[in-house]
Peer 1: 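Here it is, the structure in full.
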Amino acid sequence: MFSLRMRAEKDGRHVSGGERLVGTQEDMRRAVEELLKRPKEYDLMVITVERLYRVERVRKALTIYSYDFKEVESAHNFAVEKLKEEGVREEVARLALELLKRGPNPKGGNMRGAVLMDFQTGERLEQDRERGIRTVRMDWKDRNLVKKLLIERGIKRQYLERLLDALVLATKNLYCGVLAELCWSDDPDYTTGYVAGRKLGYIRIKPMKEWGVPLGGRVYFVKKEGLEELIECLEKRPLLVEEL
Ligand code: COA
Ligand code: AMP
């Protein structure tokens with residue numbers, strides 16, 4: 001198989017990214033066509049194709065649940081309760097929420113990847129706090145089938161690609177040993193976020209931020225032990241998710 005990755009920049013800023021794991025020339029051609037269309041505007045696009053020698057598989061993605069709230073505060077309180085069920089202490093969960101609210105990059109704004117947070121102490125464990133850690137080299141075994149199933153379950157088309165990407169990412173995170181995850185997008189027009197965990201599944205929560213806010217991010221709650229192997233898995237080990 002091959003890992004196919006696209007990233008696009010405008011005015012030196014990352015504006016779009018996407019990736020696939022593909023097995024045939026035909027799949028590769030189709031994936032490039034799809035990814036080429038992804039950024040609305042860009043002045044540089046980089047497409048990387050990398051041969052893979054070993055691809056791991058996980059049978060099922062996390063189960064999806066969705067909850068809507070009237071305001072951000074209730075959504076956040078709910079997220080904290082859910083993260084507690086995965087063993088994240090309340091103070092630590094609140095620290096993570098505050099971090100994403102004000103922008104987790106110490107220089108201001110968003111990071112280029114996720115925060116790694118000690119699930120017991122709240123200590124930040126990623127080496128580079130502007131970059132963070134990115135989960136890469138993952139995909140659905142049959143992306144089109146999963147898309148069809150999600151449409152049948154009533155997921156609106158405008159949310160489909162985002163959900164497909166985020167669900168596969170969250171599934172890989174737990175597979176690699178992340179205990180729980182908190183996320184909301186930095187896209188100002190998208191206020192749905194999620195918490196994920198082994199017991200929780202993938203819980204979509206709306207609204208995790210006010211409309212129009214350009215700040216977001218991901219916090220991975222982790223154990224301090226075994227960090228190197230965890231990062232290696234997140235960044236390097238290719239994973240296919242077989243079923244929704
Ligand atoms: N955010 C911001 N900058 C990014 C980025 C991202 N997601 N991905 C890449 N970049 C930029 C960074 O400047 C990076 O340099 P750095 O490593 O110092 O941060 C540079 O591009 C090169 O990154 P690299 O990791 O070599 O890119 P890649 O070719 O391996 O592609 C992507 C990685 C783009 C596929 C991956 O990062 C990505 O964005 N995947 C899709 C994301 C996704 O599905 N998110 C969930 C949506 S809900
Ligand atoms: P998005 O959901 O694409 O709006 O991304 C929200 C935030 O998640 C970004 O601001 C990044 O900090 C982080 N992020 C984006 N891509 C990845 C990735 N592949 N792995 C981990 N974190 C990411």
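Please read all numbers here as calculations on a predicted model, not as lab measurements. The basis for the numbers below is simple: all heavy atoms, side chains too, and nothing from hydrogens, waters or symmetry mates. The chain is numbered in sequence order, starting from 1. Indexing begins at 1, ligand by ligand and atom by atom, following the structure's order.
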Peer 1: Could you check atom 4 (C) of ligand 1 against the protein and tell me its nearest heavy-atom contact, residue, atom and distance included?
Peer 2: H14 ND1, 3.3 Å

Peer 1: If you measure from atom 13 (C) of ligand 2 to every heavy atom of G113, G103, G109, which option wins on shortest distance?
Peer 2: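 Ranked by closest heavy atom to atom 13 (C) of ligand 2, first place is G113.
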
Peer 1: Is E98 salt-bridged to K101, going by a charged N under 4.0 Å from an acidic O?
Peer 2: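 Salt bridge flag = yes for K101 with E98.
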
Peer 1: Does anything in residues 29-39 pair up under side chain to side chain donor-acceptor pair (under 3.5 Å), and if so which pairs, sequence neighbours excluded?
Peer 2: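 Residue pairs with at least one partner in residues 29-39: R20-E34, E26-R29, E26-R30, R29-E33, R38-E161, R38-D165.
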
Peer 1: Under the disulfide bond (SG atoms under 2.5 Å apart) test, which residues partner C176, sequence neighbours left out?
Peer 2: C233

Peer 1: Is there at least one pair of N or O atoms, one from R162 and one from ligand 1, spaced under 3.5 Å apart?
Peer 2: no

Peer 1: Have a look at R112, R20, R137, E235 and point out the one with the heavy atom closest to atom 18 (O) of ligand 1.
Peer 2: R112

Peer 1: Among all protein heavy atoms in this structure, tell me which lies nearest to atom 33 (C) of ligand 1, with the distance rounded to 0.1 Å.
Peer 2: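 Protein heavy atom with the smallest distance to atom 33 (C) of ligand 1: R5 CD, 4.2 Å.
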
Peer 1: Would you call the rings of F78 and F69 parallel, tilted or perpendicular if under 30° counts as parallel and over 60° as perpendicular?
Peer 2: tilted

Peer 1: Given L100, T135, N105, which one has a non-hydrogen atom that is nearest to atom 20 (N) of ligand 2?
Peer 2: T135

Peer 1: Under 4.0 Å, counting heavy atoms only: does I133 come that close to any atom of ligand 2?
Peer 2: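 For ligand 2, residue contact (heavy atoms, under 4.0 Å) with I133 is present.
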
Peer 1: Check whether any heavy atom of L169 sits under 4.0 Å from an atom of ligand 2.
Peer 2: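 Within the 4.0 Å threshold, so yes.
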
Peer 1: Pick, from R7, E9, M111, R218, the option with the minimum heavy-atom distance to atom 27 (O) of ligand 1.
Peer 2: R7

Peer 1: So if I count the atoms of ligand 2 from 1 in the order they appear, which ones are less than 4.0 Å from some heavy atom of M111?
Peer 2: 10 (O), 11 (C), 12 (O)

Peer 1: When you compare ligand 1 with R134, is there at least one nitrogen or oxygen pair between them that comes in under 3.5 angstrom?
Peer 2: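 N/O-N/O distance under 3.5 Å: yes.
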
